Amino acid sequence: MEAPQAAASQEERDYKFIAKAVDEAYRAVECDGGYPFGAVIVRGDEEVVSSHNLVRKDTDPSAHAEVAAIRQASKKLGKINLSDCEIYTSCEPCPMCLGLIRLSKIKKVVYGAKSEVAAAAGLNGTLPDVFIEYYQKSGIEMRQAEGDETRRIAEEVFEKTKGKFRKK
């Protein structure tokens, strides 16, 4: 009986933090800051920071949601080693973001939508398997969030924001 309860707990945790990342993804589009991507840095069961894509607002191609969140978390916590943190992202991270996740020593990545969903909406390409294999070998746990509802809310961001942001 304990295993189903633990699974439900993980699914609830995933939903809580992916829903926050999804809210950030909507915020990115609403404020014309960037594209519909959001991220949350978590330590233990507490949110450290949340952020969204700021590429357009900052005129910075590196200002992805994950990058912004890692920068904010490092400042807030006063350290660059975030090995005691996890990152929840609305969508599977790109290779650049995975590189920064590795440099910051975050050991766990949980994402809502697969990169193919973003690619189908005209954003970013799909994440090549070689990158996933490389980062998994480096000790980073990377998985899609548990729960159909969690994945659904992450995927629908792209459909609901389609046409509301400009690609440059």
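All values reported here derive from a predicted model rather than from experimental measurement.
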Residues K57, D32; criterion salt bridge (Lys or Arg N to Asp or Glu O under 4.0 Å); working and verdict: CA-CA 7 Å; K57 181 179 180 284; D32 200 26; over 6 Å; no
Hydrophobic cluster identity match, L82 and V67, side-chain contacts under 4.5 Å: yes
Side-chain donor or acceptor of S90 paired with backbone N/O of V22 under 3.5 Å: no
Any side-chain heavy-atom pair of Q72 and I70 under 4.5 Å: no
Exceeds 12 heavy-atom contacts within 6.0 angstrom, atom NZ of K105: no
Separation between CG of D23 and CD1 of I153, rounded to the nearest 0.5 Å: 7.5 Å
Y35 side chain near F158 side chain, heavy-atom distance below 4.5 Å: no
K114 vs Q144 side-chain heavy atoms within contact, under 4.5 Å: yes
same_hphob_cluster(Y26, F37) at 4.5 Å side-chain heavy-atom cutoff: no
Residues R151, E149: salt bridge by 4.0 Å N-O rule: no
E116 side chain reached by E92 side chain, heavy atoms, under 4.5 Å: yes
Residues E24, R27; criterion salt bridge (Lys or Arg N to Asp or Glu O under 4.0 Å); working and verdict: CA-CA 5 Å; E24 288 286 349; R27 186 171 292 129; 2.9 Å; yes
Verify same cluster id: V157, L123 (apolar side-chain graph, 4.5 Å): no
Reported NE2-to-CE distance for the pair H64 and M96, which is rounded to 0.5 angstrom: 3.5 Å
Side chain proximity check, F17 to R13, heavy atoms < 4.5 angstrom: yes
Heavy-atom side-chain proximity of K16 to E47 below 4.5 angstrom: no
Flag side-chain contact, heavy atom, 4.5 Å: V49 against V40: no
Exceeds 12 heavy-atom contacts within 6.0 angstrom, atom CD1 of I80: no
I87 versus A39, closest heavy-atom pair with distance: CD1-CB, 4.2 Å
ILVMFWY network linking L54 to L100, side-chain heavy atoms under 4.5 angstrom: no
side-chain contact (heavy atoms from CB on, under 4.5 Å) between Y111 and C91, worked out: CA-CA 5 Å; Y111 59 89; C91 188; 6.0 Å; no
OG on S104 to NZ on K107, rounded to 0.5 Å: 9.5 Å
Least distance between heavy atoms, T150 atom then E11 atom: OG1-O, 4.3 Å
Which atom of A145 lies closest to which atom of V110, heavy atoms considered: CA-CG1, 3.7 Å
SB check E155 R152 (cutoff 4.0 Å): no
Over all atoms of both residues, closest heavy-atom pair of A73 and V48: CB-CG1, 4.2 Å
Evaluation steps, side-chain contact (heavy atoms from CB on, under 4.5 Å), between C85 and V42: CA-CA 5 Å; C85 297; V42 176; over 6 Å; no
Check: N81 side chain, S83 main-chain N or O, donor-acceptor pair, under 3.5 Å: yes
Within-4.5 Å side-chain heavy-atom neighbours: I41 and E86: no
Pair I140-R102, side-chain contact (heavy atoms from CB on, under 4.5 Å): steps then yes or no: CA-CA 7 Å; I140 296 173; R102 183 169 187 247; 3.8 Å; yes
Contact summary for A25 and G38, nearest pair of heavy atoms: CB-N, 3.8 Å
Residues K79, S74; criterion side-chain contact (heavy atoms from CB on, under 4.5 Å); working and verdict: CA-CA 5 Å; K79 60 184 186 170; S74 291; over 6 Å; no
I18 with Y15, same ILVMFWY side-chain cluster at under 4.5 Å: yes
Closest contact, heavy atoms only, H52 versus A28: CD2-CA, 3.4 Å
